[in-house]
K.L.:
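Let me give you the structure first, and then I'll get to my questions.
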Amino acid sequence: MAYRQHPASLVPASPVPRSRYRSVLPVLIGTTVCLSTARAADIPVPTSPPVQQTAPQPSAAHPPKAEHIIVHRVSDSASGNQPGGGLIHLQDGVKSVSTVSQDFISKQAPMATAFQLASMLPGANVSSSDPMGFSPNTNITVRGLDNSAIGYVLEGMPLNDVAYYSGTPSQFADSENYQEIALAQGSADLDSPVLNAAGGLMNLTFRDPAKKAGGDASVSYGSYNTNREFIRLDTGDIAHTGIRGFVSYSHGATDNWRGPGRDEKQHVDFKFLKEWGQGNRASLLGSFNTTITSWYPEPTMDSWESDGIKGQNNLLAHYDSSNPENGANYWRLWRDGERTLYGGAPVHLTLTDRLSLDVTPYAQFAYGNWPGGSTMSTSGLYQGTQALSDTLNLPGAQDGVGVVRADYTQRSYRSGFTSALHYKTGWNDFVLGYWYDYGDDNEQQPFTAVQTNGYAPDIWAKNGKDVIRLSNGERLLGGSFHTISQTNALFVGDHMSLLHDHLAIDLGFKAVMMSRDGTNSLPGPQYHVASNSMEPLPRLGVRWRIDGENQLFFNATTNFRAPDQTALYNTYDPSSGEMYGTGSTDVRNEYSISEELGYRRTGRWIIGSLTLFNYNFTNRQISTQAVQNGSIVSTTMNAGGQTSRGVDVEIGLRPWHHFSPYVSGEYLHATIDNDLMSGGDLLRTRGKIAVRSPTLQAAAGLSYDDGHIFGVATVHYTGHQYATFMNDERVSDHTTGDLAIGYRFSDHIHLHQPTLRMNFINITNEHYLSGVASPTLNAKDTTGVYGTTIAGSAPSYYIGGGFAALFTASTGF
């Protein structure tokens, strides 16, 4: 589901390779090989092929003896044995990638989302609203590009919302089931099923099911009456079929850390796997999530400076029946209900020694209601542009105005598949692939009457008898549109490995065709809408291995993104018939060209990288929000041209006396390339700093793990970031820190490593604005290029979560 945000001025969009690793398996006839004291990553990479020796042939007089080859290896994935405490991973590809592994994930709060887990990586700036990760009021920017500019893929299936491109990380998966989270800051893979990934790709990987039956369980309790229970069952080999799987279930709930409200979530993850032959592999995996969350109001700067985390920046705990304006702020009218189901079946088949096939069919279902308290006139109503003679009977109405819950429902279905045929010959690995995606999205805004005690039935707004109906039996609607989206993409590429793999070259080309066809069922001038896009997307990547420890890489990529589908539709105010937003059939696609130039170091003790990057955008799409009849919905702004340049750095040390430090940082200079249209005038925005683009970010972590005692201390600094295109309002810089400490016991009877841990979040209890929820063109009145006074509009912000402590007891069995 698209995440809901806070009011903003609505500006519709308008014209203005996979990594290659070399490994060595010592094979010594009649010899036992022991590598138990070395990490796999410490094995030197050969610079030339090993010499092939012919073993003596056995004779009839001397029959061959049984040979026993035993390889013991302790990999970096072992607990506490990863560089940087699990925040950095060896990379060998042509582009920048940062990875969070299970070693780090397992020490964080168990309900931490993928955004929070990736927040230490270079370029990642996470804005959250609650410390526990339940709230959908969250965002992530990577190199200044927000949530909707990032692709989210779980083992080959897309997780982005079909209409708004955004991702809601609390719906993705439980943290215990992640094997790793990889963030490619600059571009998506050639075969990734995403359209919007100028900001990069977040690639999520589930752990494989265990080969033996067993499981894991945990319970947590902490601040704000937070409780969480988790259990995962591994089947082991099912009836000697070679199929193994896991199914997990979790339940969690927490009080809002500020203001009234309580969030509750139930989640199921599953994965079944079959492996056979020479690398053949097929799996079935997915997630189901159902949640009800309470809204965190997102303040303007004036309300933040006057009230902070209290007062008007919170919803009301009790319903005020005497004042409709106050009654609309009752917290029970702002509870979001959402359900999602993701499913995929990635398959890898080795057809011949040179030919292999990867296919991933997937499907997605989502339903949600993003309600908000609002007021409505009892008469003088409109359905679209059509005046109505109906008079509503709203409980507790005063002076012809009553309180209603403005529901905003989205029901979406999505399905598709990706396929890639690989052919290896000599130093080439050719790929030819096709991606098809079908989306069906239905969005409507009905209204529900509110009783004098503040009660409004059916939080899901699925029961037709509970919503307000007109005398002709039709529902009163503020919006109603249905969109069918189809995407076809053909891609071809070649990975070339030259000079004994010192030089790797990736060439790729992707042609993407996207169509949208929709209907607006409200009376008015608009019924049918459509848009079609076709974009060629070439790419080039090069990696030069200087020696076994040093690499250079270069990557050039193109991306495009069509505006959110809301840009196509008119929306109306039922109380006046006025349009909230005007749809446009002349929407402009965002197009970007990005380049990366980087250096990697993979030494005995230090692993790190330094990456220079450059982006050039046309028709830059910025996610923002608009109030539609009380509901808060996502939309986009066309921000014209933009140039973004900077440098990322990350360094991690291999464990030394059980300590593993990690640091990351980014310098970003993102500027607007042209003046932007506002009404009939131009704002002087050329050369201004882009919104949500902090100039400096830095993070540091220190991990300790001796197998029993473990701990992680992290600190993150985010520089100031502008909230308007005129740079007349900004978020101050802030620094936050987290701490985790725990103890693992030895195995006992049927329990595997029982563990106790404490997580402390925002340990200094800093009260701060964590990011820009809703940017605007200008906060203050200003004079345009042609002399017109352009009125300001206040941006809104996320308030970062306060201090929280959480205790967790867990064990394997």
Side-chain angles (χ1 to χ4, degrees), residues 17-22 91-97 151 153 155-158 182 184-203 279 281 346-362 416-437 487-499 501-514 534-545 551-561 591-598 613:
R18 302 184 177 182
S19 301
R20 298 294 190 263
Y21 295 94
R22 299 178 61 117
Q91 302 294 338
D92 197 44
V94 299
K95 63 182 180 181
S96 172
V97 180
V153 174
E155 297 203 23
M157 63 175 172
Q185 291 95 337
S187 63
D189 298 328
L190 181 65
D191 59 353
S192 294
V194 293
L195 283 174
N196 59 309
L201 181 74
M202 182 175 286
N203 210 326
R281 180 182 175 98
V347 177
H348 175 79
L349 299 176
T350 302
L351 304 178
T352 69
D353 290 343
R354 296 183 175 181
L355 194 64
S356 64
L357 176 66
D358 291 285
V359 179
T360 303
Y362 59 84
F417 68 91
T418 60
S419 58
L421 187 67
H422 288 266
Y423 181 73
K424 296 182 181 180
T425 176
W427 39 267
N428 294 96
D429 182 356
F430 297 102
V431 62
L432 175 65
Y434 172 64
W435 169 39
Y436 175 75
D437 185 270
T487 301
N488 290 270
L490 291 168
F491 55 91
V492 59
D494 184 18
H495 173 82
M496 292 173 278
S497 179
L498 306 171
L499 304 177
D501 202 35
H502 277 282
L503 176 63
I505 301 175
D506 281 5
L507 296 174
F509 179 83
K510 193 172 189 176
V512 181
M513 294 149 282
M514 180 185 181
M534 192 282 179
E535 295 289 352
L537 303 173
R539 59 176 57 206
L540 166 68
V542 179
R543 188 264 297 144
W544 172 254
R545 180 181 287 122
Q551 300 178 17
L552 297 174
F553 63 92
F554 171 78
N555 182 46
T557 309
T558 54
N559 289 281
F560 101 101
R561 168 187 170 179
Y591 194 86
S592 63
I593 302 173
S594 62
E595 301 93 14
E596 292 181 324
L597 176 63
F613 59 86

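For reference, positions follow the sequence shown, starting with 1.
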K.L.:
Determine whether L355 and L357 make a side-chain contact, defined as any pair of heavy atoms from C-beta on separated by less than 4.5 Å.
P.N.:
no
K.L.:
With no hydrogens and no angle check, do the side chains of T360 and D358 hold a donor and an acceptor under 3.5 Å apart?
P.N.:
no
K.L.:
Give a yes or no on whether a salt bridge exists between R543 and D501, defined as a side-chain N under 4.0 angstrom from a carboxylate O.
P.N.:
yes
K.L.:
Provide the closest heavy-atom pair for A198 versus S592 in the form atom of the first, atom of the second, distance.
P.N.:
CB-OG, 3.7 Å
K.L.:
One thing to verify: whether D353 and K424 come together as a salt bridge, which I'm taking to mean a side-chain N less than 4.0 angstrom from a carboxylate O.
P.N.:
no
K.L.:
Could you tell me which non-hydrogen atom of R354 sits nearest to which non-hydrogen atom of T425, and how far apart they are?
P.N.:
NH1-OG1, 3.8 Å
K.L.:
Looking at T418, L190, L432, which hits side-chain contact (heavy atoms from CB on, under 4.5 Å) with F491?
P.N.:
L190
K.L.:
Find out whether V492 and F430 are in side-chain contact, i.e. whether some heavy atom of one side chain is under 4.5 Å from a heavy atom of the other.
P.N.:
no
K.L.:
How close do W435 and Y362 get, heavy atom to heavy atom, and via which atoms?
P.N.:
NE1-OH, 2.9 Å
K.L.:
Could you report the tightest heavy-atom contact between L195 and M514, atom names first, then the distance?
P.N.:
CD1-SD, 3.4 Å
K.L.:
Of the non-hydrogen atoms in A504 and V94, which two are nearest, and what is the gap between them?
P.N.:
O-CG1, 4.4 Å
K.L.:
Could you tell me the separation between the CD atom of E535 and the OH atom of Y591, rounded to the nearest 0.5 Å?
P.N.:
6.5 Å
K.L.:
Between the main-chain N or O of S96 and the side-chain N or O of E596, is there a donor-acceptor pair closer than 3.5 Å?
P.N.:
yes
K.L.:
State whether a side-chain donor-acceptor pair under 3.5 Å links Y423 with N428.
P.N.:
no
K.L.:
Measure the OG1-CG distance between T557 and D189 for me, rounded to the nearest 0.5 Å.
P.N.:
10.0 Å
K.L.:
Could you tell me the separation between the NZ atom of K95 and the OG atom of S594, rounded to the nearest 0.5 Å?
P.N.:
10.0 Å
K.L.:
State, with a plain yes or no, whether a side-chain heavy atom of L421 is found less than 4.5 Å away from one of S419.
P.N.:
no
K.L.:
Are side-chain heavy atoms of L507 and L540 found at a separation under 4.5 Å?
P.N.:
yes
K.L.:
Give, for atom CG of L498 and atom CH2 of W427, the distance between the pair rounded to the nearest 0.5 Å.
P.N.:
5.5 Å
K.L.:
Mind checking the NE2-CD1 spacing from H495 to I505? Nearest 0.5 Å is all I need.
P.N.:
9.5 Å
K.L.:
Provide the closest heavy-atom pair for A188 versus L201 in the form atom of the first, atom of the second, distance.
P.N.:
CA-CB, 3.9 Å
K.L.:
Quick check on side-chain hydrogen bond (donor to acceptor under 3.5 Å, both in side chains): which of N559, N555, T558 does S187 satisfy it with?
P.N.:
N555
K.L.:
Could you grab the distance from atom CG of L490 to atom CZ of F509, nearest 0.5 Å is fine?
P.N.:
9.5 Å
